[in-house]
Participant: 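Input: one structure, supplied below.
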Protein chains: 2
Amino acid sequence: MAANSQFAIAVHVLTVLAKGGGERVKSDYIAQSVNTNPVVIRRLLSNLQDANLVVSHVGASGGTSLAKLPKDIQLSEVYKAVACGEVFALPPKKPNENCPVGKNIAAVLCNLQKEIDKSVNEKLRQFTLRDVIERVDEA
Amino acid sequence: MAANSQFAIAVHVLTVLAKGGGERVKSDYIAQSVNTNPVVIRRLLSNLQDANLVVSHVGASGGTSLAKLPKDIQLSEVYKAVACGEVFALPPKKPNENCPVGKNIAAVLCNLQKEIDKSVNEKLRQFTLRDVIERVDEA
DNA sequence: TTCAATTGTAACTAAACTTATTACAGTATG
DNA sequence: CATACTGTAATAAGTTTAGTTACAATTGAA
């Protein structure tokens, strides 16, 4: 019944980077803000980098910064980069083909899943990192 | 990163009950259609019963039937009954209060979470069990 | 060139969660 | 009273997630 917290942590991390004002922020620093281990952060940053949302540099005075302006980072991109992308999973086992319901339900559930996931994506697309930063600043 | 399959299984189960035409369906039969253990089904039915979506009867010739017509069962009700209700989780650990971002991000994420979850609920409310049955029959 | 700082990632451990299974008490039905 | 169910506890097994240690590779600077 538990949902995944990767997305929330990713939004937190990106907000920290945005506050860094373009400077390279170290995984150690981010980890302290999120209150977790630097390796956990680096793994997350690796995903965000694959999605072209951040840029990391190795070596001394290395670190990570945003790859785009906060206004150009939609939360749907963040979600796609770090979450499984599914509000609910399809059943792990294949239904019984001999049952009239079991025979057809999988395809119906799959289509339903896509419709729901699409609506989540559209909702998340309405928010950018800038919106998040504004809310953090207002508080 | 894995989502939960309780909702999908619940929709499957309710479809089987609807196809039962008001007769009491046994957990054994449902389990065979879903391809899982009867106890797993009974636990799920217990949740659906708490939400007033089904009625179960113990004893010989016991079993479960729908508590309402398929057209009156919204998928949002099913989701609420068996899923955690959250598209993404808030971070398990409290952020660092000494960081300007960490100090305020939790509340922002919480509000964002509510907005997203609300939109999922609204989307699921657009579908009823009847819609699912129609799709199964069409296939 | 050498040293210190940092990322990237593998390997492993620990914790949490989900699913499956067994067992059996309680309750209808005939 | 015997049979056939549900409800649920207890437990085990499997899967996923988070945390930790370790270290190679890279960079920048003394």
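The structure displayed is predicted, hence computed values, not measured ones. Just so it is clear: chains get the letters A, B, ... in the order the sequence lines come, proteins before strands, and each one is counted from 1.
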Participant: To the nearest Å, how far apart are B/Gln6 CD and C/dC17 P?
Facilitator: 14 Å
Participant: Between protein and nucleic acid, restricted to nucleotides 27-30 of chain D and to nitrogen or oxygen atoms under 3.5 Å apart, what atom pairs and distances do you find?
Facilitator:
unit_1, atom_1, unit_2, atom_2, d
D/dT27, O2, A/Ala60, N, 2.8

Participant: Can you check the A/Leu17 CG to C/dT7 P distance for me, whole Å?
Facilitator: 11 Å
Participant: Can I get a per-line list of side-chain donor-acceptor pairs under 3.5 Å for residues 58-76 of chain B, giving both atom names and the distance, sequence neighbours left out?
Facilitator:
unit_1, atom_1, unit_2, atom_2, d
B/Thr64, OG1, B/Ser56, OG, 2.8
B/Lys68, NZ, B/Glu77, OE1, 2.8

Participant: Return whichever of B/Lys26 or A/Ser5 has its heavy-atom-nearest nucleotide of DNA chain D closer to the 5' end.
Facilitator: B/Lys26
Participant: For B/Lys93 and D/dG19, is the shortest distance between a side-chain N/O and OP1 or OP2 below 4.0 Å?
Facilitator: yes
Participant: Quick one: does B/Pro95's side chain get under 4.5 Å of A/Ser33's, heavy atoms only?
Facilitator: no
Participant: Could you tell me how far apart B/Asp28 (CG) and D/dT3 (C1') are, to the nearest whole angstrom?
Facilitator: 15 Å
Participant: Has B/Glu115 got more than 12 heavy atoms of other residues, nucleotides or ligands less than 6.0 Å from its CD?
Facilitator: yes
Participant: Which parts of residues 33-43 of chain A get close to DNA chain C, meaning a heavy atom less than 4.0 angstrom away?
Facilitator: A/Val39, A/Arg42, A/Arg43
Participant: Between D/dA18 atom P and B/Lys94 atom NZ, what is the distance in whole Å?
Facilitator: 20 Å
Participant: Can you check the B/His57 NE2 to C/dG26 C1' distance for me, whole Å?
Facilitator: 16 Å
Participant: Please state whether the phosphate of D/dT6, meaning OP1 or OP2, lies under 4.0 angstrom from any side-chain nitrogen or oxygen of B/Gln49.
Facilitator: no
Participant: Indicate the atoms forming the closest heavy-atom contact of A/Ala81 with A/Leu53, along with that distance.
Facilitator: CB-CD1, 4.4 Å
Participant: What is the distance from OH of B/Tyr29 to P of D/dT6, rounded to the nearest Å?
Facilitator: 14 Å
Participant: Do A/Val132 and A/Phe127 come close enough that some side-chain heavy atom pair is under 4.5 Å?
Facilitator: no
Participant: Using atom types as modelled and distance alone, determine if a side-chain donor or acceptor of A/Asp117 lies under 3.5 Å from a backbone N or O of A/Val87.
Facilitator: yes
Participant: Any side-chain heavy-atom pair from A/Val16 and A/Lys19 closer than 4.5 angstrom?
Facilitator: no
Participant: Can you check whether A/Asn96's main-chain N or O pairs, donor with acceptor, with B/Asn35's side chain at less than 3.5 Å?
Facilitator: no
Participant: Counting the atoms with a prime plus P, OP1 and OP2 as sugar-phosphate, which does A/Thr64 contact under 4.0 Å by heavy atoms, base, sugar-phosphate, or nothing?
Facilitator: nothing
Participant: Measure from CG on B/Asn47 to C1' on D/dT8 and round the result to the nearest Å.
Facilitator: 12 Å
Participant: Mind listing the closest non-hydrogen atom pair of A/Phe88 and A/Ile116 along with its distance?
Facilitator: CE2-CG1, 4.1 Å
